[in-house]
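The block underneath contains the structure these notes are about, expressed in structure tokens.
Predicted model only: the values in this text are computed from it and were never measured. Labels below follow one simple rule: chain letters A, B, ... track the order of the sequence lines, proteins then strands, and each chain is numbered from 1.
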2 protein chains.
Amino acid sequence: MTRQGFAIGALSQQSECNIETIRYYERIGLIPRAERRGRYRYYTNEDADRLRFIKRARSLGFAIEEIRDLLRLTKSGSDDGIDACADAKAIALLNLNNVKARLDDLKRMEAVLTDAIGACDRDIFRGCPILATLSGTYKTDEHGNLP
Amino acid sequence: MTRQGFAIGALSQQSECNIETIRYYERIGLIPRAERRGRYRYYTNEDADRLRFIKRARSLGFAIEEIRDLLRLTKSGSDDGIDACADAKAIALLNLNNVKARLDDLKRMEAVLTDAIGACDRDIFRGCPILATLSGTYKTDEHGNLP
DNA sequence: CTTGAGTCTGTAGTGGCTACAGACGGTACA
DNA sequence: TGTACCGTCTGTAGCCACTACAGACTCAAG
């Protein structure tokens, strides 16, 4: 570190983002092109903050393009605060719905899998309950469909 | 339909798999190379069964390579029935654990998002609760981390 | 004979990274 | 001054499971 700022390895540790991921984010323009000294990228605390923001948003399921929008909102002037919050809320709601849909899907999977695996131990069944479930010949509902 | 069997469009309808997906499955060897009459692929009911098996397995979260293994198990002789069932159970358990892990992740996301969105309506907060959550400056725990 | 629907191959794109190869930079220590 | 070694660079390709074309063909009905 010649004067100030830190190289990509330090940023990676601070933000808990993979080095390759950081370079990827730069490539797609999610973070600005880093200042260079020589060939090396050098970063500030502001860059680290931005990256931690991204990391948190990703861990909450936001898509890259949503995060792009959210980042833009953080930069809007204080006059736009209420608008920005409404926009952020709209994006978060979309994401929440997405998360809920995926939850419903996974809950259904969990139930069916748990059932089929349980049957392996419990049932004396002509054949394998798991393979039968997948073949559509086990515990079908009144329409002949798996739950 | 000249004699017997049906073309890919009919198979697509029967199995509820996209035509492109069926061709993709053939390309990666998940289903055998279809019999051809002229240039067109022709399929039997057995093919449709296999594809429905795959479709159900995918909808339960099994990965393609797991499905490859499961399909192999369905073809093992009746002598291997108990072994095959144990193998199927092992694969299903791996998948169930995977599903559970994803469920836990999504539940955490749902909780945080619901909280932050709720705060938008409830709280009089200096700034946007959602953006604050992502910035790490809202409702942090005793270690300063987001939940 | 034409029309229109179905099918064909091959390739490229999606999202969000991750993993190299092979070259270059910078520093600590002998 | 040498050298060892880690960090960083660019560029490209791979992952998963599809999906979406373009542009050519096949085939049956009218």
Without decimals, in angstroms, what is the distance between [X] [atom1] and [N] [atom2]?
X       : N      : atom1 : atom2 : answer
B:Ile54 : D:dA17 : CD1   : P     : 12 Å
B:Ile22 : C:dG6  : CD1   : P     : 14 Å
A:Tyr24 : D:dT12 : OH    : P     : 17 Å
B:Gln13 : C:dT7  : CD    : C1'   : 14 Å
A:Arg58 : C:dT18 : CZ    : C1'   : 14 Å
B:Phe62 : D:dC18 : CZ    : C1'   : 19 Å
A:Ile64 : C:dT18 : CD1   : P     : 11 Å
A:Leu11 : D:dC9  : CG    : P     : 11 Å

Need to verify one output field. Residue with the more 5' nearest nucleotide on DNA chain D, B:Asn18 or A:Ile8?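 The residue whose closest nucleotide sits nearer the 5' end is A:Ile8.
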Heavy atoms within less than 4.0 Å of DNA chain C: which residues of residues 25-35 of chain B have one? Give them sorted by number.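 Per residue number, the list is empty: none.
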Under 3.5 Å, which donor-acceptor pairs link side chains of residues 10-17 of chain A to any protein atom two or more places apart or in another chain?
residue : atom : partner : partner atom : Å
A:Ser12 : OG   : A:Cys17 : O            : 2.6
A:Ser15 : OG   : A:Leu11 : O            : 2.7
A:Ser15 : OG   : A:Cys17 : N            : 3.3

Q) Are A:Ile117 and B:Leu94 linked, directly or through other ILVMFWY residues, by side chains that come within less than 4.5 angstrom of each other? A)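 In one cluster: no.
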Taking only side-chain nitrogens and oxygens of [X], does any of them come within less than 4.0 Å of OP1 or OP2 of [N]?
X       : N      : value
B:Arg23 : C:dC8  : yes
B:Arg41 : D:dT26 : no
B:Thr21 : D:dT19 : yes

### Task
Using modelled atom types only, decide if a donor and an acceptor are shared between the side chain of A:Arg23 and the backbone of A:Ile8 within a distance under 3.5 Å.
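No, because the side chain of A:Arg23 does not come within donor-acceptor range (under 3.5 Å) of the backbone of A:Ile8.
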Is there a donor-acceptor pair closer than 3.5 Å between any side-chain N or O of B:Arg37 and the backbone N or O of B:Arg41?
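Such a contact is absent between B:Arg37 side chain and B:Arg41 backbone.
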What are the atom names and distances for every N/O pair under 3.5 Å that joins the protein to nucleotides 21-26 of chain C?
residue : atom : partner : partner atom : Å
C:dG25  : O4'  : A:Tyr40 : OH           : 3.1

Query raised in the report: Any ion pair linking B:Asp47 and B:Arg50 (charged N to carboxylate O, less than 4.0 Å)?
Result: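 Salt bridge flag = no for B:Asp47 with B:Arg50.
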Ignoring hydrogens and angles, write down the donor-acceptor pairs under 3.5 Å from the side chains of residues 96-107 of chain A, residues two or more places apart or on other chains.
residue : atom : partner  : partner atom : Å
A:Asn97 : ND2  : A:Leu93  : O            : 3.4
A:Asn98 : OD1  : A:Arg102 : NE           : 3.2

Protein-nucleotides 4-6 of chain D N/O pairs under 3.5 Å:
none

- Message: Does B:Phe6 form a side chain to side chain contact (heavy atoms under 4.5 Å, CB included) with B:Asn45? I'd like the steps, not just the answer.
- Response: CA-CA 9 Å; B:Phe6 36 86; B:Asn45 290 327; 3.6 Å; yes
* To do: Mind checking the CG-CG spacing from B:Leu73 to B:Asp87? Nearest 0.5 Å is all I need.
  =>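 Between B:Leu73 CG and B:Asp87 CG, I get 5.5 Å after rounding to 0.5 Å.
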Handout entry: Side chain to side chain, B:Phe62 and A:Leu113, heavy atoms closer than 4.5 Å
Key =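 B:Phe62 reaches A:Leu113 side chain to side chain.
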Q.
So which atom in A:Ala34 and which in A:Tyr43 form the shortest heavy-atom distance, rounded to 0.1 Å?
A.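 What the structure gives for the nearest pair is CB-CE2, 3.5 Å.
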- Are more than 12 heavy atoms from other residues, nucleotides or ligands located less than 6.0 Å from atom CZ of A:Arg36?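 Correct, the count exceeds 12.
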**Set of side-chain hydrogen bond (donor to acceptor under 3.5 Å, both in side chains) partners for A:Glu65, sequence neighbours left out** =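 Result, side-chain hydrogen bond (donor to acceptor under 3.5 Å, both in side chains) vs A:Glu65: A:Arg68.
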